[in-house]
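Input: a single structure, listed below in structure tokens.
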Amino acid sequence: MLTLTQIKEQPKEIIKRLSVRNKNFEDLINKAIEEDENRKSVQNELDTTLAKSNKIAKSIGLLFKEGKQEEANEAKQEAVKLKEEAKILNEKLNSTKEKLQKILSDIPNIPNKSVPAGKSEEDNKLIRTGGDTPNLSQKKAHWDLAEKFDIIDFELGNKITGAGFPVYKGKGAKLQRALISFFLEEADKEGYTEIMPPLMVNEASGFGTGQLPDKEGQMYEMKEDKLFMIPTAEVPLTNIYRDVILKSNDFPIKLTAYSSCFRREAGSYGKDVRGLNRLHQFDKVEIVQIQHPDKSYETLDNMVNYVETLIQKLELPYRIVRLCGGDLGFTSALTYDFEVYSAGQDKWLEVSSVSNFESFQANRLKLRFKEDGEKQTKLAHTLNGSALALPRILAALLENNYSEKGIKIPKVLQKFTNFDVID
RNA sequence: GGAGAGAUGGCAGAGUGGUCGAAUGCGGUAGUCUUGAAAACUAUUGUACUCACAAGGUACCGGGGGUUCGAAUCCCUCUCUCUCCGCCA
């Protein structure tokens, strides 16, 4: 959520910057400002009414003590009147606040200046590429390979749960575990503190990172307990710092977590989502940083570089793109997507998304900090990225490393798998 | 799931209808003393809105609602924590 201070300081600039999202937010911004003015005047009125009422209430106590019954009773009548006024004003204030809140929660984050305008992924800006595309004697899609080597069973998942819940078996399961260990160990070396978070979160946490109320349908919900299955470890990880006031020397805060992720992704069926390409349950190692506003973009670059090294170590061909306005997530100010080339499908698969949310999440989370010696609190910046999501990495590993001899395991993973080929 | 107790400022903990934004202790910060430090002493120390980051005002004692001129204090409700019992990896 944007803060009203941000909006009021430079509304025109914000409207202009939001327009790269391919939508016009002028009305909403103006409404927000208007509604806030409204809120202020109502609050002022209420405050003065309450002040009067408080004063009288205090005097009544004194009057009774002094035995001035009559005067006290007179004051009482006055107080009743004020109370009624205050009640009406209070209702008015609440509805105004609600309206304002609704408007604010409909305004997405301001894209960073470097975000290109554009409608869809075709307008994303290519930053760099790396790795070599493999020369394969024969191309096979990973779902065929999975069956051939009996390492992932999609049918079995259908039986036990439903579509999008694959069952990993034997070397397939071990490879998953190896990837998780590899990613966590790398993150640890990079200075991230490992966390094992809950896989379900409450409503307040969902709101804090922006999944609620906007993307409600994305999460699996336990209606009876008002809990949600996490769509990413970003949610519990970032919410560790909800309602927290940090000191400026607490920065940077670096957290990592492996978790299963659960996404309903309603309505996305068909050809592009075969095999591991899109799942309801998948595994991911996430990295989160909380940083001083002055340093968050430097940190974003570091995170991008870090994710790049992971893909390089896995010897996968990749490209990094900067998302255009139309493709940029609601809460993000700047996002880099990583895609790996998966030879069997002849497709680029998105495997990581690294974003700076600036103070957008922090405002929802009430995640603040104090500059050394200063009294005033400021909003911190939050960032996160996948490092990395497993299924599409696995798909690319299977497809790119396949030959008649079987599927070759990248060197960095072998100490975790204890085998070097799937055959 | 059953029975009971409780939720107060960074922590501990007092406060059961007015003078309570809240005693006291610890912690934090600044200062005095000291060559320096410790100790001791003094002062200061919640968040947010309004507003000039002033003064003043307002809200917040787990969340929401109610009673009252007035609530941390009484009532209702929700959430959470603890103790005992039951169940259980």
Side-chain angles (χ1 to χ4, degrees), chain A residues 1-9 32-101 103-105 196 198-208 212-213 221-228 236 239-250 253 260 293 359 362-380:
Chain A
M1 220 160 48
L2 300 180
T3 63
L4 273 159
T5 321
Q6 279 175 299
I7 292 173
K8 282 191 290 190
E9 261 171 18
I33 295 172
E34 197 187 303
E35 203 55 45
D36 186 51
E37 288 304 318
N38 204 353
R39 189 209 101 235
K40 257 196 229 171
S41 77
V42 175
Q43 189 162 59
N44 261 322
E45 221 179 314
L46 175 63
D47 281 358
T48 45
T49 309
L50 285 174
K52 272 189 221 163
S53 169
N54 284 344
K55 224 174 177 179
I56 291 174
K58 262 184 197 168
S59 75
I60 290 174
L62 287 174
L63 288 172
F64 271 129
K65 236 176 224 170
E66 292 164 13
K68 296 177 183 167
Q69 295 281 340
E70 263 179 51
E71 280 177 55
N73 284 327
E74 264 173 52
K76 262 194 195 182
Q77 286 183 6
E78 175 71 14
V80 173
K81 243 173 69 193
L82 286 171
K83 198 194 160 191
E84 274 164 23
E85 275 176 48
K87 200 176 174 185
I88 294 166
L89 284 169
N90 197 30
E91 275 164 22
K92 210 166 148 193
L93 180 66
N94 282 339
S95 79
T96 308
K97 272 186 175 169
E98 247 171 62
K99 252 194 236 165
L100 182 59
Q101 191 68 13
I103 294 167
L104 287 176
S105 66
M196 247 202 190
L199 301 182
M200 293 189 205
V201 293
N202 58 27
E203 216 173 329
S205 294
F207 178 81
L212 297 174
E221 183 179 357
M222 317 286 133
K223 285 236 158 71
E224 216 173 351
D225 302 290
K226 279 192 188 154
L227 295 174
F228 301 84
N239 271 283
I240 291 175
Y241 287 91
R242 170 153 50 86
D243 283 319
V244 168
I245 300 176
L246 298 163
K247 294 189 217 107
S248 58
N249 61 11
D250 290 331
I253 288 166
S260 291
S359 61
N363 187 30
R364 292 181 162 224
L365 292 159
K366 295 204 174 65
L367 164 50
R368 293 157 294 172
F369 73 100
K370 278 183 192 172
E371 217 69 85
D372 233 12
E374 277 185 29
K375 242 190 134 173
Q376 209 186 345
T377 60
K378 294 184 198 162
L379 292 170

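Letters A, B, ... are given to chains in the order of the sequence lines, protein chains preceding strands, and every chain is numbered from 1.
Counting non-hydrogen atoms under 4.0 angstrom, A:Leu50 reaches the backbone sugars and phosphates but no base. Within the nucleic acid shown, A:Thr377 comes within 4.0 Å of sugar-phosphate atoms alone, with no base atom in reach, counting heavy atoms only.
Around NZ of A:Lys8, the count of heavy atoms belonging to other residues, nucleotides or ligands within 6.0 Å exceeds 12.
Residues A:Ile103 and A:Ala32 come closest through the heavy atom pair CG2-CB, 3.8 Å. Taking all atoms of both residues into account, the shortest heavy-atom contact from A:Leu379 to A:Pro293 is O-CG, 3.6 Å.
Looking only at distances, a side-chain donor or acceptor of A:Asp250 sits under 3.5 Å from a matching main-chain atom of A:Lys247. Between the side chain of A:Ser105 and the main chain of A:Gln101, a donor-acceptor pair closer than 3.5 Å is present.
The nearest heavy atom of RNA chain B to A:Lys76 and to A:Lys52 marks one nucleotide each, and the one closer to the 5' end goes with A:Lys52. In terms of position on RNA chain B, the residue among A:Leu46 and A:Ser53 whose nearest nucleotide sits closer to the 5' end is A:Leu46.
The pair A:Arg39-A:Asp36 counts as a salt bridge, with a side-chain nitrogen and a carboxylate oxygen less than 4.0 angstrom apart.
Using a 3.5 Å distance cut-off with no hydrogens or angles, the side chains of A:Ser41 and A:Asn44 do not pair a donor with an acceptor.
Atom P of B:rC60 sits at a distance of 34 Å from the matching atom of B:rA3, rounded to the whole Å.
The side chain of A:Asn54 contributes an N or O atom lying less than 4.0 Å from OP1 or OP2 of B:rU58. Here A:Lys370 reaches the OP1 or OP2 of B:rU47: one of its side-chain N or O atoms lies under 4.0 Å away. Between A:Arg368 and the phosphate of B:rA48, there is a side-chain N or O to OP1/OP2 separation shorter than 4.0 Å.
Heavy-atom distances under 4.0 Å link RNA chain B to A:Ala79, A:Val80, A:Lys83 of residues 78-93 of chain A, given in residue order.
One can place NZ of A:Lys97 at 14 Å from P of B:rA48, the figure rounded to the nearest angstrom.
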Nucleotide N/O of nucleotides 49-52 of chain B paired with protein N/O under 3.5 Å:
| residue | atom | partner | partner atom | Å |
| --- | --- | --- | --- | --- |
| B:rC49 | O3' | A:Arg39 | NH2 | 2.9 |
| B:rC49 | O2' | A:Arg39 | NH2 | 3.1 |
| B:rC49 | O2' | A:Gln43 | OE1 | 2.2 |
| B:rU50 | OP1 | A:Arg39 | NH2 | 3.4 |
| B:rU50 | O2' | A:Asn44 | OD1 | 3.1 |

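By the 4.5 Å heavy-atom criterion applied to side chains, A:Ser359 and A:Lys378 are not counted as neighbours.
Summarising the geometry, atom CG belonging to A:Leu50 is positioned 8.5 Å from atom CG belonging to A:Leu89; distances are rounded to the nearest 0.5 Å.
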Taking Watson-Crick and G-U wobble contacts under 3.5 angstrom, with | marking pairs to another strand and [ ] crossing pairs, the secondary structure of RNA chain B is written ((((((((.[[[..)..(.....]]]((((((.......))))))(((((.....))))).[[[[[..)....]]]]])))))))....
